[in-house]
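Take a look at the structure set out below.
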Amino acid sequence: MRVAVRSVRVKAGERIAASDPGLLRLTAGLRTTVSVALTLAALALLRFDVSHLVAGAIAAMVATFAIREKERTRQAVTLALGLPSALASVSLSALLNSHRVAGDVVFVGLIFCAVYGRRFGERGTALGLIVFQIYFLSLFVGATVHALPGLYVAIALAFACSALVRFALLPQSPSGILDRLRQAFRARLAQLISAQLALLDAGPEDLPRALDEVRRRTAALHETAMMIQGRLEEGTPDEAVALLLQRRIADAEIAAERLGLLLLTARSAERADTLTLHLPGAPAPSGGPLPERDEATATLRRDLEALRLLVLRSVAQDSGTAVSHVRNRLLGYREEDNVPPAPPAVQDVFRGIGEAGRAVMGLRIALDGPQDQSDDTQETARSREELDAEDAAIDGSGEAGRKEAEATGWQRPTTRAAVQVAVGSALAIVGGEFLSDQRWYWAVLTCWIVFINTASTGEILVKSYRRLVGTVLGVVAGIGLAGLVGHHTWTAFALVLLFIFAMFYTAPLSYMAMSFFVTAMLGLLYTLLHTYSSSVLLLRIEETVLGVVCGVVAAALVLPVRTDRRTNELLATVLARLADVTGAAVDQLSGGSAAGLLDRARDLDRALADLRSSTQPLTHPITPLRARRDTARYVVAMLETCAYHARSLAATAGLLPEYPSIAADPRLREAGRRIVRNIEAIAAHVADDRSTAEIGTGPSITSMLKPGTLGAPRYDRVTDRVLRHLQRLDEAVAGLARPLHVPARTPGA
């Protein structure tokens with residue numbers, strides 16, 4: 001019974017870790033909820049009235065969610081600066097309470113400064129949020145000069161409770177977050193292998209759904225790898241350890257993605273295209289499932305289950321020789337003589353399992369430390385020697401292998417955003433006061449929010465739509481809850497705490513869900529302030545619509561950034577990063593010096609993530625431009641395919657010169673130059689549609705360089721893989737040129 005309970009607990013922990021990498025959403029929700037609860041308890045003990053309880057709750061919420069810095073010392077400084085900023089903001093609002101025009105002018109100026117403050121990094125963003133939200137708080141509770149002493153106490157207590165929760169009750173250290181992200185990577189890698197196993201067994205009718213699940217799990221694994229990359233510097237003070245972990249995460253991610261492609265090919269009548277894994281809605285490959293009673297298929301299914309077990313089991317959980325036996329069997333597939341008799345495509349899957357097993361062993365060593373080597377077979381010992389050689393190469397690379405910092409950081413268009421928000425807010429104030437001279441600030445809040453984390457008119461439209469739908473649904477829920485709660489103060493506050501947790505837990509997943517919980521919570525707060533009525537919540541919808549309209553008008557007319565322009569800028573950045581990674585990887589494979597390839601590959605991934613986000617208005621289901629939507633999806637999917645092959649080349653090139661299985665070959669340089677020239681030609685057309693640049697075509701790369709020429713014959717599979725990635729990248733770049741209308745130049749023309 002105890003074993004069963006432990007098993008259930010472990011599985012539940014794996015699912016939570018996979019669904020919420022690093023437990024960042026859970027921690028954000030708990031921190032904010034506990035901060036608000038402590039503030040309410042403290043104010044209740046001091047016998048403050050309901051309006052001060054509401055003010056304290058909102059202030060605690062703001063003090064908790066506004067600060068996003070990673071280092072605890074910086075968080076403490078920002079929180080300390082936030083308190084006087086909050087007190088100054090509420091004082092300014094109270095002093096101008098009876099001076100409507102002056103108050104409106106000051107509010108617009110404060111909004112401009114708060115948005116402009118993003119130029120100064122995370123601290124400027126946090127202080128701007130605190131100043132704006134506390135000013136809004138004072139309008140919400142109707143702050144006056146007479147009420148300021150009580151509000152000062154409520155806000156100070158809120159900040160103190162937020163600090164207590166942040167630094168004592170629910171602390172988060174960079175190393176702790178990184179440890180939880182590692183667990184999440186393990187859990188998501190295991191989920192991907194489970195999805196690949198389901199793909200292996202899926203019948204013709206279930207194949208599209210199984211393929212969609214593999215796509216989703218592959219994207220989730222990549223997301224976690226990116227999150228780990230963003231936390232390595234703060235979470236791992238030892239640079240060599242950080243580089244090693246970065247390497248092992250990249251190896252495991254690439255090996256898992258390659259295994260999915262090999263499984264697709266085994267189920268297909270022909271070799272599966274990498275694009276199949278990256279293009280949502282792409283048709284599943286033709287071909288039936290593998291024979292159920294075939295011995296090779298049964299072995300394949302068993303080994304995928306074993307690989308999943310190897311991923312989930314840490315060194316501390318190993319007992320007996322079972323795990324060692326599984327590891328040795330999987331790594332044995334790296335030797336040609338150990339691959340079971342089967343069709344060539346199925347044998348490739350076994351080889352892929354062997355390479356994935358090697359990547360998982362490297363990941364286990366990086367995460368859990370040295371392992372028992374007493375049961376190693378000859379194949380396992382060889383894999384361990386290769387990993388040790390890579391570790392030595394990483395330790396010796398030092399700063400020379402790292403990318404040099406850019407001279408200047410990426411500059412956000414803060415001035416444009418500040419002007420747009422200020423103009424939109426001014427319109428919202430004027431229009432809001434026509435609707436209500438008491439609740440006009442809701443329109444301003446909506447206008448402010450739709451501009452946060454958006455960079456184009458299209459993004460603002462999508463965010464506005466989601467906020468409006470969430471608000472309407474929240475109003476319906478608020479009306480029902482207000483009727484049920486009535487004047488039961490603490491029942492209402494309990495529901496408020498529940499909604500606060502739900503709001504912050506769902507915020508990264510669904511802006512619509514967050515808007516729903518915010519609006520439902522506000523209905524309860526109005527009930528507590530004895531200002532609730534159905535007309536008040538309906539007015540909230542009207543003010544929300546007004547705020548959305550004002551935000552869209554300001555974005556469209558004041559220093560506008562069209563979605564096309566924004567996506568073209570980001571597309572050019574992605575192409576530049578792709579050319580950089582490809583050129584550096586091929587140069588190193590050709591005998592050049594180390595070039596910090598994994599860092600460059602992650603820069604490519606981040607640029608691609610920005611592009612994917614910016615194309616949401618173009619790919620949204622409600623867009624009427626179907627052809628444009630399909631083109632945007634295809635371009636992004638093709639770029640993801642290019643990024644996969646570039647990452648794989650970078651990972652392989654990073655093994656030189658210590659890795660024994662592949663030697664540099666100068667003949668690769670010309671093949672790489674053709675790919676880079678083609679990428680640059682596409683980038684030229686993106687920057688200027690009048691460009692006359694053309695992509696070059698010619699003999700396939702695999703015909704230019706025959707397999708077996710890059711290293712010792714024993715390791716021809718690695719050699720072939722390099723050539724295959726170059727060939728697929730060359731084809732993908734040519735495929736990317738077609739939807740972007742880049743002409744091709746035939747040889748000799």
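Computation of the quantities below employed the complete heavy-atom set of this structure, encompassing side-chain atoms and omitting hydrogens, waters and symmetry-equivalent molecules.
- Panel note: side chain Ser91, backbone Leu87; a donor-acceptor pair is recorded below 3.5 Å.
- Here the OG1 atom belonging to Thr33 is positioned 8.0 Å from the CE atom belonging to Met503, to the nearest 0.5 angstrom.
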Inset, instruction - Step by step, work out the side chain to side chain contact (heavy atoms under 4.5 Å, CB included) result for Tyr465 and Val469. - result: CA-CA 6 Å; Tyr465 153 77; Val469 172; 3.7 Å; yes

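- Side-chain N or O atoms of Ser464 include one that pairs as donor or acceptor with a backbone N or O of Ile460 at under 3.5 Å.
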Legend entry - Step-by-step side chain to side chain contact (heavy atoms under 4.5 Å, CB included) determination, Val115 to Gln420: CA-CA 10 Å; Val115 177; Gln420 288 178 327; over 6 Å; no

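- Formation of a donor-acceptor pair under 3.5 Å by the Arg188 side chain with backbone atoms of Ala220 is found in this model.
- Side-chain contact, Arg119 with Thr415: a donor N or O sits under 3.5 Å from an acceptor N or O.
- Checked for salt-bridge contact, Asp610 and Arg606 miss the test: no charged N lies under 4.0 Å from a carboxylate O.
- The pair Arg166-Glu69 does not count as a salt bridge, with every side-chain nitrogen at least 4.0 angstrom from each carboxylate oxygen.
- Using a 4.5 Å heavy-atom threshold, the side chains of Val421 and Phe112 count as separate.
- At a threshold of 4.5 Å between non-hydrogen side-chain atoms, the residues Leu24 and Gln172 count as touching.
- Checked by atom type and distance alone, the side chain of Ser425 never pairs as donor or acceptor with a backbone atom of Val108 at under 3.5 Å.
- Among Phe517, Phe499, Phe65, the single residue meeting the ring pair (Phe, Tyr, Trp, His ring centres under 6.0 Å) criterion with Phe504 is Phe65.
- With sequence neighbours excluded, the residues satisfying ring pair (Phe, Tyr, Trp, His ring centres under 6.0 Å) with Phe136 are Tyr441, Trp442.
- Using modelled atom types, no side-chain atom of Arg248 and backbone atom of Leu363 make a donor-acceptor pair closer than 3.5 Å.
- Side chain of Arg186 to backbone of Leu312: no donor-acceptor contact under 3.5 angstrom is found.
- Side-chain contact check for Met521 versus Ile500: some heavy-atom pair is nearer than 4.5 Å.
- Ser614 and Arg566 share no donor-acceptor pair across their side chains, judged by distance under 3.5 Å alone.
- Applying the ring pair (Phe, Tyr, Trp, His ring centres under 6.0 Å) rule to His52 yields the partners Phe48; only residues at least two apart in sequence or on another chain are considered.
- Judged by distance alone, the side chain of Arg47 and the main-chain N or O of Ala44 form no donor-acceptor pair under 3.5 Å.
- Under the 4.0 Å criterion applied to side-chain N and carboxylate O atoms, Asp605 and Arg602 are assigned as salt-bridge partners.
- Here the CG atom belonging to Leu83 is positioned 9.5 Å from the CD1 atom belonging to Ile134, to the nearest 0.5 angstrom.
- For the atom pair Ser173 OG and Asp179 CG, the distance stands at 7.5 Å (nearest 0.5 Å).
- Between Arg577 and Asp580 there is no salt bridge, since none of the side-chain N atoms of the basic residue sits less than 4.0 Å from a carboxylate O of the acidic one.
- Note that CG of Leu79 is 10.0 Å distant from CG of Leu127, once rounded to the nearest 0.5 Å.
- The shortest heavy-atom contact between Arg180 and Gly22 is NE-O, 3.0 Å.
- Put simply, the side chain of Val54 reaches to within 4.5 Å of the side chain of Phe140, judged on heavy atoms.
- Within the 4.5 Å cutoff, the side chain of Phe501 has heavy atoms near those of the Leu26 side chain.
- For the side-chain hydrogen bond (donor to acceptor under 3.5 Å, both in side chains) with Ser162, the qualifying choice from Thr32, Thr39, Thr64 is Thr64, the only one to do so.
- Ala168 and Pro171 get closest at one heavy-atom pair: O-CD, 3.5 Å.
- Of the charged side-chain nitrogens involved, none lies within less than 4.0 Å of a carboxylate oxygen, so that Glu122 and Arg74 do not count as a salt-bridged pair.
- Between Leu139 and Trp440 there is a side-chain heavy-atom pair separated by less than 4.5 Å.
- The ring of Phe132 has its center closer than 6.0 angstrom to the ring center of Phe107.
- For Arg31 (side chain) and Leu170 (main-chain N/O), a donor-acceptor pair under 3.5 Å exists by modelled atom type.
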Inset, instruction - Given side chain to side chain contact (heavy atoms under 4.5 Å, CB included), test Phe185 with Leu221 step by step and report yes or no. - result: CA-CA 6 Å; Phe185 186 85; Leu221 183 69; 3.5 Å; yes

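- Closest of all the heavy-atom pairs between Ile130 and Ala66 is CG1-CB, 3.9 Å.
- No side-chain heavy atom of Ile177 sits under 4.5 Å from any side-chain heavy atom of Lys70.
- Put simply, the residue from Met227, Arg217, Glu253, Glu640 that forms a side-chain contact (heavy atoms from CB on, under 4.5 Å) with His222 is Glu253.
- For the pair Gly56 and Leu43, the tightest heavy-atom approach, listed with the atom from each and the gap, is CA-CD1, 3.9 Å.
- Distance alone, capped at 3.5 Å, places no donor-acceptor pair between the Thr519 side chain and the Phe516 backbone.
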Inset, instruction - Begin with the C-alpha distance, continue with both residues' side-chain angles, and end with the deciding distance and a verdict on side chain to side chain contact (heavy atoms under 4.5 Å, CB included) for Leu169 and Leu38. - result: CA-CA 11 Å; Leu169 300 182; Leu38 287 178; 3.8 Å; yes

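- For the pair Phe167 and Arg72, the tightest heavy-atom approach, listed with the atom from each and the gap, is O-NH2, 2.9 Å.
- With values rounded to the nearest 0.5 angstrom, Asp104 atom CG is found 4.5 Å from Ile429 atom CD1.
- Nearest heavy atoms, Ala184 versus Pro21: CB-CA, 3.6 Å.
- Side-chain atoms of Asn97 never come within 3.5 Å of backbone atoms of Val145 as a donor-acceptor pair (strictly under, hydrogens ignored).
- A distance of 4.5 Å separates OH of Tyr135 from OG of Ser93, quoted to the nearest 0.5 Å.
- With contacts defined as side-chain heavy-atom distances shorter than 4.5 Å, the pair Leu137/Val62 does not qualify.
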